[in-house]
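First up is the structure itself, then whatever we jot down about it.
All figures in this text were calculated on a predicted structure; none of them were measured in a lab. Each chain gets a letter, A, B and so on, in the order the sequences are listed, and its residues count up from 1.
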Amino acid sequence: MGNVPNAVKHCLSYENLMGESFRLPSSFQEKKEMVPTEIKIQLIDMLSQTGLSVIEATSFVSSKWVVQMADHNEVLTGINKSPHVRYPVLTPNIQGFQAAVEAGAAEVAVFGSASETFSRKNINCSVEESMQRFEQVICAARQACIPVRGYVSCALGCPYEGQVHPAQVTKVAKRLHELGCYEVSLGDTTGMGTAGSMAAMLRAVMAEVPIHALAVHCHDTYGQALANILTALQMGVSVVDSSVAGLGGCPYAEGASGNVSTEDVVYMLHGLGIQTGVDLAKVIEAGDFICRALKRPTNSKVSQATSRSQPSFNMCE
Amino acid sequence: TQFIKRSYDVTCVCVSFSQVSLSGLKPLPEKVKIVEVGPRDGLQNEKTIVPADVKIRLIDMLSEAGLPVIEATSFVSPKWVPQMADQEEVMRGIHRKPGVSYPVLTPNLKGYRAAVKAGAMEVAIFGAASELFSKRNINCSVEESLQRFEEVMSAAREEKVPVRGYVSCVLGCPYEGSVSPSRVAEVAQRLYSMGCYEVSLGDTVGMGTPGGMAAMLEAVMREVPVHALAVHCHDTYGQALANILVALQNGVSVVDASVAGLGGCPYAQGASGNVATEDVVYMLHGLSIHTGVDLPKLMDAGSYICRSLNRRTSSKVAQASCKL
């Protein structure tokens, strides 16, 4: 099976928390429903009971850009924080960071991009300019003893530039790590990556950033996420991002899926004998809850299969 | 369309995954043969029945898409599988592309004779690794089914008709739960030694994961050479591509798939079943593995059959590509 690790730490994010959310064209944002604050809080509280060790709670991006996260203060102060769980929040700049700390954040995250065009279109600045902003955040965080996680978008392809060379990803990942991010999550933002491009990208990044500091954040837009995650595990990565019920569609392909489902990832990891500490049944419950609240079907195949299992049948083959 | 073109460019990046050294794993195969089961396994398990001309058109489009093997229909009694009642018409109506095989299912000697009469040049037989599944599905024990197949094998051998074998429930059974790898190996070995040129190992319920796949293959490969093995993964739990990847890493180079992911899972109503050929091909091409398949033409065939069935595709590649 390759060098699959014995234990994997999960970092869970949920709908509209990803930096991608503030990159949605305004027409998409208008279509999305606002999730009430109490629903978000209840979801996070349910997830806190599942055994997940990291739950990305909200985003301190200006509500001008990401209206869905306007209630960030309320969410962060409203959740029942479990002592076994960390609740990082997104902070794109120093103002966001300060607001997050004031609201009680004990961990933050910053988002870089491996693609210049994506950076400009999404956050209106170059990759270098974004690194300078993050440097301010990381310095302030260091002083406050707050850990910072880094994300690199477009690690396996960009919706504007197409192919992204592994060297571009390495450059940004290395910078974030050297600036002080304890972990760098490599994101296949459009989901177009395959096991082949994942292996090539990781080979390049692992030459410059220690493997224990790497995570993968795979999107399932082309159905490749689990195969990509498996490849990453076989190469020694032991931190995987996912989203309960596969929340969060792909903004670049309307109606297509986005984030990989936590349920499906956990099912695979447990089947591999890998410890996650996660109670799959409770994650499925949390997924059911949020899907009912959002009035949408789950994107998790495990959830679909387990909720409808009825062994009645004849002449299958 | 600009983005679609770019996404294909990315999948054509020539990454030599086989050069990555992952301890204990063989290099990936350079070529994989895709066995397209949509017209049979797929349509058989769809609620809507489509007429013969639609099936024929689908098969012809799949032939044009470069698939080397297309399972065309089934010579099971229409009493059991009404979706395949037009079996003879389909066999007569398809345009056979040179170099492409069109196997058909034949559960017994009677079905075999009807298949050959209708022009079939390759047939397939189905065994199960689970006793309960065999009894519930075809009303006989595994041993009894193998005896029926012996009759088919004898006739096929005389007429020089190649036979492909399938083993169901290789990674779990909807009735028995877990299935031991040694039991799978036993049934696979029987089919192979009976004369099947290839044995396709089916994760019927889709509950398998990469660890289980590796363990099962290890047991089977002690009895059947890997070049004679194929995997038939269901995506009911989203595990299919990961399972297929592990099979490739263990030397398997034949993969079954169904265009648009046709064919739901009969055990979990509304859940998915067959893995989508488009998604498999996307992964294989991204690994620089040659399949001979033209992905855009394959997606055309997928759109066609989904329109005819009035259903949405189960292929994520198709969903992503057509909505930009």
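In plain terms, the two heavy atoms of L230(A) and V246(B) that are nearest each other are CD2-CG2, 3.5 Å. Pairing each heavy atom of L272(A) with each of T209(B), the nearest pair is N-OG1, 4.3 Å. G223(A) approaches L241(B) most closely through the heavy-atom pair O-CD1, 3.2 Å. Taking every heavy atom of both residues into account, Y237(B) and V302(A) meet most closely at O-CG2, 3.6 Å.
Interface check for chain B: of the options D220(A), V260(A), I229(A), the most heavy-atom pairs under 4.5 Å are formed by D220(A).
For T117(A), the side-chain hydrogen bond (donor to acceptor under 3.5 Å, both in side chains) partners are E161(A), not counting sequence neighbours.
Counted within 6.0 Å of NZ on K171(A), heavy atoms from surrounding residues, nucleotides or ligands total 12 or fewer; the atom is thus considered open.
Here the CG atom belonging to D279(B) is positioned 12.5 Å from the OG1 atom belonging to T194(A), to the nearest 0.5 angstrom.
At least one donor-acceptor pair under 3.5 Å links the side chain of Q239(B) to the backbone N or O of D264(A). Of the possible donor and acceptor atoms, one in the side chain of Y282(B) sits under 3.5 Å from a partner among the backbone N and O of M192(A).
For a residue to count as touching a neighbouring chain, one of its non-hydrogen atoms must lie under 4.5 Å from one of that chain's; by this rule M207(B) touches chain A with backbone and side chain alike.
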